[in-house]
Amino acid sequence: MGNYSVVVLDFETTGLSPDGGDRAIEIGAVLLQDNRIVDRFQSLMNPEMRVNSFISEYTGITNAMLASAPSTSEAMEKFAKFMAGHHLVAHNASFDRRFLDAELLRINKRRQQDFACSMLVARRLYPDAPSHRLETLVRYKNLVTSGVYHRALADAEMTAHLWISMVIDLKEDFQFRQVPFALMQQLAKVPKAAVPTFLRKVAAEQG
DNA sequence: TGCCAGGCCCTCTTTAGGGCCTT
């Protein structure tokens with residue numbers, strides 16, 4: 001099985017750009033071990049700025065909820081402990097990585113571990129999906145959902161189920177004996193046209 | 001006041017542009 005642990009995470013934020021002043025408002029994450037969810041983490045955090053109506057409607061997170069939430073530093077200190085020592089995964093990881101690194105920097109911490117992106121892998125494994133948005137992929141693969149969308153823990157859990165599904169499909173379709181984290185990272189970078197050849201080659205090497 | 005991203009990926013590409021994804 002996946003003989004490694006992975007923290008699958010998702011941020012809700014005030015907008016798209018930490019460099020443009022946007023902040024995290026919620027972190028949700030699950031810990032995968034042997035391709036199963038074994039732990040969960042969730043926290044709102046007070047960004048000390050108002051969220052606009054688009055964000056409140058998109059996430060359901062209101063300014064009132066954030067006013068009574070823990071500070072970003074308190075929440076991020078706890079999350080830093082939760083993620084310590086594990087590989088990281090997110091859907092469209094470049095987005096979550098920017099916010100994670102920006103919020104860690106504010107508490108004088110630095111991410112040590114690698115990231116992998118479930119969206120880049122899904123584009124390669126499921127080229128025929130109607131789109132590669134998380135919500136669409138969850139329906140396409142008939143994955144379990146809570147019915148909640150655009151909240152950090154719910155989205156992290158859906159991303160985790162997508163990740164589990166991709167690992168299982170690699171094993172079944174290509175007879176992989178194991179699917180190391182590094183393989184998923186490599187796969188995310190392989191030119192799309194070269195993916196089948198790449199996967200057959202790796203499977204043969206494992207043979 | 002007004003500003004407002006960035007990485008990937010395709011194509012009628014590379015001296016570029018636009019759609020997809022994330023909030």
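Numbered from 1 within each chain, the chains take letters A, B, ... in sequence-line order. All values below come from the heavy atoms of this structure, side chains included, with hydrogens, waters and symmetry mates left out.
For the pair A:T136 and A:S131, the tightest heavy-atom approach, listed with the atom from each and the gap, is OG1-OG, 3.0 Å. For A:A24 against A:P47, the heavy-atom pair with the smallest separation is O-CB, 3.9 Å.
Of the C1' atoms belonging to B:dC8 and B:dC3, the separation is 26 Å, rounded to the nearest Å. Between B:dC12 and B:dA5, the distance separating the two C1' atoms is 28 Å to the nearest Å. Atom name C1', nucleotides B:dC4 and B:dC9: the rounded distance is 24 Å, in whole Å. Taking atom P in both B:dC21 and B:dT15, the straight-line distance is 28 Å, to the nearest Å. To the nearest whole angstrom, the two C1' atoms, one in B:dT23 and one in B:dG6, are 13 Å apart.
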Reading nucleotides 18-23 of chain B from the 5' end, what letters show protein touch, with B for base, S for backbone sugar-phosphate only, - for no heavy atom under 4.0 Å?
-> --BBBB

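In this entry the distance linking CE of A:M49 with P of B:dC4 reads 16 Å, nearest Å. Following rounding to the nearest Å, A:F115 (CZ) and B:dG7 (P) show an atom-to-atom distance of 14 Å.
Taking side-chain N and O atoms only, A:R97 has no distance below 4.0 Å to OP1 or OP2 of B:dG6.
Listed by residue number, A:K192 are the residues of residues 188-197 of chain A with a heavy-atom contact under 4.0 Å to DNA chain B.
Counted by atom type alone, A:T72 and A:R23 present one or more donor-acceptor pairs between their side chains at under 3.5 Å. Side-chain contact, A:E26 with A:Q42: a donor N or O sits under 3.5 Å from an acceptor N or O. No hydrogens or angles considered: nothing links the side chains of A:D128 and A:Y140 as a donor-acceptor pair under 3.5 Å.
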Let me see the working for A:H91 and A:T159 under side chain to side chain donor-acceptor pair (under 3.5 Å), right down to the final yes or no.
-> CA-CA 6 Å; A:H91 200 69; A:T159 303; 5.1 Å; no

Step by step, work out the side chain to side chain donor-acceptor pair (under 3.5 Å) result for A:H150 and A:T59.
-> CA-CA 5 Å; A:H150 310 306; A:T59 65; over 6 Å; no

Go through the steps for A:D22 and A:S17 under the test side chain to side chain donor-acceptor pair (under 3.5 Å), then give the verdict.
-> CA-CA 5 Å; A:D22 287 317; A:S17 174; 5.3 Å; no

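Relative orientation of the A:F174 and A:F176 rings is tilted, given thresholds of 30° and 60° on the angle between their planes.
Here A:R151 lies out of heavy-atom contact (under 4.0 Å) with every strand.
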